[in-house]
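Computed from a prediction, not measured in an experiment: that's the story for all the values here.
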Amino acid sequence: MRHYRQVIFGGSCWAIGSLLAAGEGEVLLVERSASLGGEYFDSYRRSEGWDAPLDSAIAANFRKEMGLRNMLRGDATDFYGLLPAIYNRLGANTDNIMMMSELAGVTKITGGYELELYNHSGRNVICCDEIIDSTPTAVTRPDFGKDSIKGKRLNGSVLVSEGVDFFSHKISGLDLRPGRSGQEAFISAAVAPESGWVEARKQLADAWLARPAELRDCLVRAIAKEFEYAHKCEHYEIDENWTWINASIYSNPLLAIDAGVGAVKSGRGAEHVSC
């Protein structure tokens with residue numbers, strides 16, 4: 001049976017930083033989807049503060065690469081291009097990442113935990129000293145996860161027609177913000193914490209369909225694959241050496257990566273305001 005010092009659930013940017021900073025074979029990252037960093041890259045949330053100080057060389061090197069690729073443009077920063085750089089950097093860590101994997105059970109054992117996981121390879125049983133859950137819905141403790149959410153939003157990307165002054169108009173039920181160019185805007189609908197995907201998308205679509213006539217030629221080109229969450233707290237001790245963290249509290253993915261690196265380097269683990 002494989003043993004890890006730490007298993008992190010959720011391929012968050014915080015988790016990515018922790019994995020990159022850890023020693024070889026020490027940390028396993030488990031993600032139920034086919035992509036990483038979904039709390040930023042798949043939610044279309046606002047990200048800002050790109051010139052904020054970074055403590056780690058790992059995060060600083062990512063920002064340097066973003067600068068070399070002309071991604072850093074203040075509020076118009078094209079941070080979606082950061083994800084391929086992250087995947088490239090993780091190339092040497094593939095043995096420590098399990099994608100499209102579902103947790104079936106957690107059993108407390110002497111000195112740690114036994115985890116039962118399922119993915120395309122079938123059933124996997126591993127053990128670890130510590131569990132960190134960085135998923136927005138707390139997949140390792142879904143009862144807590146459901147109660148921890150105080151709000152969420154569904155965001156979408158809009159193609160703005162040439163010559164249209166998009167932001168001179170208001171759309172009832174939607175917040176509007178600029179995109180990475182004059183032809184891109186983002187729309188955002190606040191939905192109830194208990195809303196599922198069907199009703200959330202309907203809410204956003206209904207609001208968009210009622211937009212002013214001047215915006216009729218503008219088109220929604222994509223709806224986010226992930227909700228943007230707001231939580232009641234930033235940290236929760238589920239059990240001994242079993243912690244949930246709010247991995248989306250950082251204003252941009254570089255700061256999240258930097259915090260993940262810092263947690264490993266300091267040996268303090270995840271430190272946030274507790275529930």
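- Not counting sequence neighbours, the partners of Arg221 by the side-chain hydrogen bond (donor to acceptor under 3.5 Å, both in side chains) test are Ser157, Glu184.
- Between Tyr80 and Tyr44, the ring planes are perpendicular. Angles over 60° get that label, and only those under 30° would be called parallel.
- Using cut-offs of 30° and 60° on the angle between ring planes, the pair Phe79 and Phe41 is tilted.
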What donor-acceptor contacts under 3.5 angstrom involve side-chain atoms of residues 86-97, with partners at least two apart or in another chain?
residue : atom : partner : partner atom : Å
Tyr87   : OH   : Leu36   : N            : 3.1
Asn96   : ND2  : Val27   : O            : 2.9

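- Of the residues listed (Asn61, Val261, Ile257, Leu255), the one engaging Leu54 in a side chain to side chain contact (heavy atoms under 4.5 Å, CB included) is Leu255, and it is the only one.
- Side-chain N or O atoms of Lys152 include one that pairs as donor or acceptor with a backbone N or O of Ser195 at under 3.5 Å.
- Judged purely by distance below 3.5 Å, without hydrogens or angles, the side chains of Ser161 and Asp217 never pair a donor atom with an acceptor atom.
- Formation of a donor-acceptor pair under 3.5 Å by the Glu48 side chain with backbone atoms of Ser251 is not found in this model.
- In this structure, Ser168 contributes its side chain and Phe166 its backbone to no donor-acceptor pair below 3.5 Å.
- Atom CD1 of Ile8 sits about 11.0 Å away from atom OG1 of Thr243, to the nearest 0.5 Å.
- Heavy atoms only, all atoms of each residue included: Tyr40 and Ala256 are closest at OH-CB, 3.7 Å.
- No side-chain heavy atom of Ile249 sits under 4.5 Å from any side-chain heavy atom of Trp14.
- Between the side chain of Ser33 and the backbone N or O of Ser35 there is at least one donor-acceptor pair closer than 3.5 Å.
- Using modelled atom types and a 3.5 Å distance limit, the side chains of Asn119 and Asn124 yield a donor-acceptor pair.
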